Number of protein chains: 2
Amino acid sequence: MKRDMVLGVLEGSPEFLSAQDIHAALRASGQKVGLATVYRVVQALQESGAIDALRNENGELTYRSCESTGHHHHLVCRACGRTVEVQGPAVERWADSVAAEHGFAEVSHTVEVFGICGDHRS
Amino acid sequence: MKRDMVLGVLEGSPEFLSAQDIHAALRASGQKVGLATVYRVVQALQESGAIDALRNENGELTYRSCESTGHHHHLVCRACGRTVEVQGPAVERWADSVAAEHGFAEVSHTVEVFGICGDHRS
DNA sequence: CTATATGCAAAAAGTTTGCATCTCC
DNA sequence: GGAGATGCAAACTTTTTGCATATAG
C-alpha cells in the first residue's frame with residue numbers, strides 16, 4: 001500500500017504539498033511510484049478526512065496532514081504582489097457565527113485581502 | 001476592443017464569473033468572441049487593477065468588477081450549492097485594520113464561507 | 001502602413017480514467 | 001484464483017501561446 005508512503009511524506013512536512021511534490025519526494029527517496037497512484041491515494045485520504053486539501057495560487061491541489069498547524073490568510077499587494085500572512089481570530093469567529101445563524105455546519109472559509117503596500121503608495 | 005464587452009458582462013453581475021462564463025455570456029448575447037481573447041482581456045484587466053481575480057473551488061479563475069455594487073459575502077452550501085448573501089461589518093473592520101497594521105492602503109477583500117446547510121446535514 | 005487586437009488551433013499544465021498487470025490473501 | 005492496488009498512457013479540463021488575419025489609428 002502506497003498510502004503509508006504518501007502519509008509519511010505529508011507528515012514529514014509542515015507545508016502544503018502538491019500531488020506532484022509528493023510524487024517527486026517519493027521518487028527522490030527511491031520509491032517507484034506512479035503519479036496516478038499518488039493522485040488516487042491523496043483523494044482517498046482526503047475523503048477519509050486524514051488530510052486537508054486546498055488549492056494554491058497556481059491552481060494546484062495541495063495537501064497537508066490534518067492536525068491544522070497554522071490557519072492564516074493572505075494580504076496581497078496589488079502593485080508588487082508582495083504577500084503577508086496574517087492571522088484573524090476575528091474573521092474565524094465571524095465566519096462561524098454567521099454560518100451558524102443560517103443553520104450551516106462544518107464551516108470553512110477563504111479570505112483574501114488586497115491593498116497597496118507601503119512601498120507602492122503613489 | 002473586446003475589453004468593454006468583457007467589462008460589461010462583469011459589471012452586470014455581482015457574482016464572480018469564470019473566463020468561460022464570460023465567454024458563454026458574450027456568445028449568448030450574440031457577440032462573436034474567441035475564448036482566447038476573453039482570457040487575454042481578463043488578464044489585462046486584472047493587471048490594470050480594474051477587476052479582482054480569485055480561484056474557485058474547482059480551480060477555475062473567476063473575476064469580478066472592482067466597483068461591486070453592494071458589498072456582501074457568500075455563504076455556500078457544499079452539499080446543495082445553496083447560497084446565502086451575508087453582511088459582515090466585523091470582517092470589513094478586521095480587513096481594514098489588519099491591512100493598516102502592515103501599511104497597506106486601498107484595501108479590498110474577498111470572503112467566501114462554505115458549510116453544510118440545515119437541509120443537508122447528515 | 002504599422003501596430004495592436006482577435007480568432008483559431010495546437011500546446012501546456014494539472015488531474016483523472018481505462019485497462020492490463022501485479023500483489024497479497 | 002480473486003479483490004483491490006498499481007503503473008502506464010491516453011483522455012480531459014482549464015489556460016496559454018503561435019501564427020496568420022483583421023482592425024484601428
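Model, not experiment: these values are computed from the prediction. Letters go in sequence order (proteins before strands), and every chain restarts at 1.
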Is the ring centre of A:His73 less than 6.0 Å from the ring centre of B:His109?
no

In Å, rounded to the nearest 0.5 Å, how long is the span from CD of B:Gln20 to CZ of B:Arg27?
11.5 Å

A:Ile22 side, atom CD1; A:Thr37 side, atom OG1 - distance, nearest 0.5 Å:
12.5 Å

Close residues, residues 1-10 of chain B, relative to DNA chain D [heavy-atom separation under 4.0 Å]:
none

Nearest-Å distance for atom pair CD/P, residues B:Gln31 and C:dA5:
18 Å

For A:Arg40 and C:dT16, give me the distance from atom CZ to atom P, rounded to whole Å.
11 Å

Could you tell me if the side chain of [Y] sits less than 4.5 Å from the side chain of [X], heavy atoms only?
| X | Y | value |
| --- | --- | --- |
| B:Phe16 | B:Glu60 | no |
| B:Val33 | B:His23 | yes |
| B:Thr110 | B:Arg64 | yes |
| B:Lys2 | B:Arg40 | no |

For residues A:Met5 and A:Leu17: do they belong to one hydrophobic cluster (side chain heavy atoms under 4.5 Å, members Ile, Leu, Val, Met, Phe, Trp, Tyr)?
yes

Write down the atom of [X], the atom of [Y], and the distance for their closest heavy-atom approach.
| X | Y | value |
| --- | --- | --- |
| A:Tyr63 | A:Ala53 | CE2-CB, 3.5 Å |
| A:Ile51 | A:Ser65 | CG2-CA, 4.1 Å |
| A:Tyr39 | A:Val42 | O-CG2, 3.2 Å |
| A:Cys117 | A:Cys77 | N-SG, 3.4 Å |

Answer yes or no: are there more than 12 heavy-atom neighbours, outside B:Arg55 itself, under 6.0 Å from its atom CZ?
yes

Produce the list of close N/O pairs, under 3.5 Å, pairing protein atoms with atoms of nucleotides 10-14 of chain C; give distances to one decimal.
{"residue": "C:dG14", "atom": "OP1", "partner": "A:Glu60", "partner atom": "OE2", "Å": "2.9"}

In degrees rounded to 10°, what angle is found between the helical axes fit to the five outermost pairs at each end of the helix from C:dC1-D:dG25 to C:dC25-D:dG1?
10°

Taking 5' to 3' order, which nucleotide of DNA chain D is first and which is last to have an atom within less than 4.0 Å of a heavy atom in chain B?
D:dT14 to D:dG18

My understanding is that a hydrophobic cluster links ILVMFWY residues whose side chain heavy atoms are under 4.5 Å apart, including indirect links. Using that, what else belongs to the cluster containing B:Leu75?
A:Leu75, A:Val84, A:Val86, A:Val91, A:Trp94, A:Val98, A:Phe104, A:Val107, A:Val111, A:Val113, B:Val84, B:Val86, B:Val91, B:Trp94, B:Val98, B:Phe104, B:Val107, B:Val111, B:Val113

With 3.5 Å as the limit, what N/O pairs link the protein to nucleotides 23-25 of chain C?
none

Can you check side-chain contact (heavy atoms from CB on, under 4.5 Å) on A:Ser18 and A:Leu61, steps first, answer last?
CA-CA 6 Å; A:Ser18 71; A:Leu61 285 166; over 6 Å; no

